[in-house]
Structures are given as C-alpha cells and as structure tokens.
Amino acid sequence: MKPQAQDIRKGLWLGALGVAIFALTLPMTRLAVGTPDAPQMSGIFLAVGRAVIAAVLSAGFLLATRAPWPPRADWLPLGLVALGVVFGFPLCTSIAMRHVEAVHASVIVGVLPLATAAVGAWLHRQRPSIGFWICAGLGTALVVAFAVLRSGHGGLTLAPADALLLLAMACAAVGYGVGAQLSQRMRPDYVICWALVFSLPFNLPLALMEWPQAAIKNEAWAAFAYVAVFSMWLGFFAWYRGLALGGTVRVSQLQLMQPFLSMLFAVPLLGESLDAVTAGFGLAVIAVVFIGRKMPVSTAR
C-alpha cells in the first residue's frame, strides 16, 4: 500500500530538515581538519571522535527512553548502518576535506541522491517511474554542471581526495537505505543510536590514540562539536524518520539541494562568495526536486 499523502508530506519536511543539518557537515569538516598549510585535527580523530560523542549521547537517550535491545535479526543491518554512516562516510570525508574545498566536494555530493534512490529502490522493492528517474538524472546533471563551472583549475580530475569522496557517497547511500529499511520496524531515532553504541568499542580507542597533540583553534573545536551532535546524531533523527514516512526513493531527492545549502553556509564560514550563477542553479535544482517528488513511485508486488 502506498504511503498516505499526509505521511509523505511529513516525510518530505523531516527529510528537508535532515538535509539542512547535513549541509553544514562539509564546511564544518573543513574548519575542523584545516588545510595542508594550516592543519588542525586529523581526519581520523574527527571521524571517530565525533562518533564517540554521539554514542555517549545515544546511550543516554536509549536509557532515558527505555529502548528495548535490538533483536538478533537486526544486528547485521545495524552493522551495515554503522559501516556506512558511522565509519565509512565520516572517515572518507574527514580525510578528503583537508585537500579539497567545499565547492569542489559538492561535485561528488551531487551523485548521492541517485545512489540513495538506487539502494532504496532495491531494498524496498520500489519501482520509480521513468519521469522520476528523468528528474533525478536532470537534477544530478545540474549539480555536476554547476560544480564543473565552479571547480576552477582542477576540473573534475579524479584526485585521491575525489576517490575518497566517491567512496563516502557509496557508504552514505548504503547507510541511508538500510537505515530507512530498519526504520520501518524500529523507531528511526533508535536506528542511529544503536549503530553508534555498537560502534563505540571500536571508535573510543582510536579516538584516544588520535587525540590532537598540537594546539587546536577554537573554531575547529566548535566545528567538531557540530558534526558530533548534529551531523552524527540529531540530523539522523529527522532523516531516517523522513525516509521511513515519505519513502527512500522520493525523499532522497531532497539531497539535490544539499550542495547549494553547503555553499550558502560556506559564505560566512569559509569566506566563499555566492553569485548569480549559484543562485540560478540552486533554483533550478529546487524546481526539479519539486517536480520529481510528484512523480509516481510504485511498490513491487
């Protein structure tokens, strides 16, 4: 049975909130790790350290809400969620963002909605219409075309950092898709919380080993706090709930707006400029997302 229209609308709003929270992740990650000329904390410490903070918060939340222990059948899916969004995505992006700017990283972020939609369609046995895939492809093409225009000298050459970002997008797509599937039978906020708690025994020793030895700027610590509390924890409360209510394939297309929101946030944080080209492409992508969300998405029988 198709989700009710009210659930779809609520799912889209929650998905949009999650995207807005995640949009700050790349600029904040850049602030936290610094640049090759002015490095701050290591990418490994940022990735595992933020997961440790989020896991402690998750443990308190699970205890406060008296969450039941996940059944054994859900351990493997929770492990896949952890590999995707607790280990893979944070580690790859944290290492890569020291070597690329947020604008360049948006080239790779542009492929995430299609990757998430593909994983979601396979996991949830959904059959998006041709019109939906046309809108998804057009939106992705707009994002990539914009990023090519803004990439400057390097263009779209596949540097090692680009390969890491591509791997990060694959990890995120799997983590999002499996997490959304779990959210159909488990409270969405419990999904990310259990994945973080299960990962704590691995992340805590690494975080202690990678603890920064040199002085770190206050801005870097503030960025670390954001990615720990919001990107790694609270953002998933809204995102997984949105995917569960609105459908992974449909809600995932809201991610097409994430690169432009990241650039908007990067103006005050990283000193990047927002010009007419950015605004024009952003409005075009939003229009495609609006049309795409109205395209039919059926469920296989």
Side-chain angles (χ1 to χ4, degrees), residues 21-61 79 81-106 108-109 154 158-172 175 192-193 195-236 262 265-272:
I21 292 173
F22 294 149
L24 266 167
T25 301
L26 291 182
M28 288 296 187
T29 299
R30 177 74 168 179
L31 278 178
V33 299
T35 65
D37 296 330
Q40 295 297 307
M41 59 188 67
S42 72
I44 296 176
F45 173 76
L46 177 62
V48 298
R50 76 185 203 175
V52 168
I53 299 299
V56 172
L57 294 172
S58 296
F61 177 78
V81 172
L83 285 174
V85 300
V86 177
F87 290 109
F89 178 83
L91 184 60
C92 292
T93 54
S94 296
I95 295 174
M97 287 307 296
R98 178 172 288 179
H99 304 284
V100 296
E101 296 181 351
V103 171
H104 184 86
S106 70
I108 311 301
V109 173
L158 191 62
D162 293 324
L164 282 174
L165 288 170
L166 277 172
L167 181 58
M169 295 307 108
C171 290
I192 188 61
C193 287
L196 286 162
V197 169
F198 284 179
S199 305
L200 185 59
F202 303 97
N203 284 325
L204 183 57
L206 280 174
L208 294 175
M209 290 173 57
E210 291 291 326
W211 187 270
Q213 301 301 312
I216 302 295
K217 293 181 179 179
N218 290 335
E219 307 94 274
W221 283 117
F224 173 82
Y226 181 89
V227 296
V229 177
F230 291 93
S231 301
M232 192 78 264
W233 194 51
L234 291 178
F236 282 98
S262 295
F265 293 138
V267 171
L269 290 173
L270 303 175
E272 298 183 9

Checklist entry - Quick one: CG on Leu57 to CD1 on Ile192, what's the gap to the nearest 0.5 Å? => result 12.0 Å
Checklist entry - Would a 4.5 Å heavy-atom cut-off, applied to side chains only, mark Asn203 and Phe87 as touching? => result yes
Next on the checklist: Please verify the inter-ring angle class for Trp221 with Phe224; under 30° counts as parallel, over 60° as perpendicular, anything in between as tilted.
Outcome noted: perpendicular
Checklist entry - Tell me, do Ile21 and Tyr226 make a side-chain contact under 4.5 Å, heavy atoms counted? => result yes
Next on the checklist: Angle between ring planes, Trp211 versus Phe45, binned at 30° and 60°: parallel, tilted or perpendicular?
Outcome noted: perpendicular
Checklist entry - Are any side-chain N or O atoms of Arg30 and backbone N or O atoms of Arg98, one a donor and one an acceptor, separated by less than 3.5 Å? => result yes
Checklist entry - If you round to the nearest 0.5 Å, how far is CG of Leu31 from CG of Leu26? => result 11.5 Å
Checklist entry - Any sub-3.5 Å donor-acceptor pair from Ser262's side-chain atoms to Ala23's backbone N or O? => result yes
Checklist outcome for this item: Rounded to the nearest 0.5 Å, the CZ atom of Phe89 sits from the OG1 atom of Thr25 at a distance of 6.0 Å
Checklist entry - Looking only at atom types and distance, does a side-chain atom of Gln40 sit under 3.5 Å from a main-chain N or O of Lys217, one as donor and one as acceptor? => result yes
Item to check | Note, Val52 side chain near Leu200 side chain (heavy atom, < 4.5 Å) | outcome: yes
Next on the checklist: Just verifying a value: how many Å separate Leu165 CG and Met97 CE, rounded to the nearest 0.5 Å?
Outcome noted: 7.0 Å
Next on the checklist: Is the shortest side-chain heavy-atom distance between Ile53 and Met232 below 4.5 Å?
Outcome noted: no
